[in-house]
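First up is the structure itself, then whatever we jot down about it.
These figures come from a predicted structure and were not determined experimentally.
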Amino acid sequence: YIEFSEPRVRIVAPVTAVDPGAHTMTLLGIPVMLTALTEDENNLAGLISPPNYQVEVNGFNDGGTVFATELSPTSRPATDPRVRLRARVESKNATARTFTVLGGITVDVASASALYDRQGTLVDAATFIGSLNLGDQINIVDANGTVDNQNHWTLSGAASINFDFNYDD
């Protein structure tokens, strides 16, 4: 009997790369390891050739490697710019209004239009970054942001971030 503990991860995004030999796929610049224990009822791992699919991955972060426990299709094409991410805050830079998740993905919140504090109140970027603590579980929903080659995610004006207190979904 094996039971995983936090930190839990959820990613909904286009698949940008697949390495069948290494049993990995990449979403938002994040490598995701698929194992024999990954639930993949639709055999997506065997069918995906980027950039044709957007998928949902649920799993756990182990020091920068995401191990997928579940791989599911979405109804959105890979060209759909909306993405979702749930992860724990690993570091923050209040001056730059950025924080990192998943072993080095830098999230830039300066352009995000909807940032919420722990009480669910809409706040500005400086207030939001100031309230972040290392280890906080957060949800990011971004309608049209960009991730560059250096794993720097600039959120769009339609992005929102909130603190995640629902550990069961």
Interatomic distance, L102 atom CG to I11 atom CD1 [nearest 0.5 angstrom]: 6.0 Å
Expected output: side-chain T38 to main-chain A68 donor-acceptor under 3.5 Å: yes
Nearest-0.5 Å distance that lies between atom CD in E90 and atom CZ in F99: 10.5 Å
Non-hydrogen side-chain atoms of V109 and T98 separated by less than 4.5 Å: no
Within one Ile-Leu-Val-Met-Phe-Trp-Tyr cluster: V12 and V107, side-chain cutoff 4.5 Å: no
Atom pair CG/CD1 of L85 and I138 - distance to nearest 0.5 Å: 6.0 Å
Inter-residue atom distance S131.OG - K92.NZ, 0.5 Å rounding: 7.0 Å
Reported CD-to-CZ distance for the pair E56 and R84, which is rounded to 0.5 angstrom: 8.0 Å
Worked check of side chain to side chain contact (heavy atoms under 4.5 Å, CB included) between T35 and F67: CA-CA 8 Å; T35 71; F67 290 91; 4.2 Å; yes
Side-chain donor-acceptor pairs of residues 19-34 under 3.5 Å, sequence neighbours excluded:
from: D19; atom 1: OD1; to: G21; atom 2: N; distance (Å): 3.2
from: D19; atom 1: OD1; to: A22; atom 2: N; distance (Å): 3.2

Any L122 side-chain heavy atom under 4.5 Å of Y116 side chain: yes
Nearest-0.5 Å distance that lies between atom CZ in R86 and atom CD1 in I140: 12.0 Å
Side chain to side chain contact (heavy atoms under 4.5 Å, CB included) assessment of F60 paired with V9: CA-CA 5 Å; F60 295 89; V9 174; 5.9 Å; no
Check: D136 main-chain N/O paired with N133 side-chain donor or acceptor under 3.5 Å: no
Between S91 and T100: side-chain donor-acceptor atoms closer than 3.5 Å: yes
Any side-chain heavy-atom pair of V57 and V55 under 4.5 Å: yes
Shortest non-hydrogen contact from R97 toward A125: CD-CB, 3.5 Å
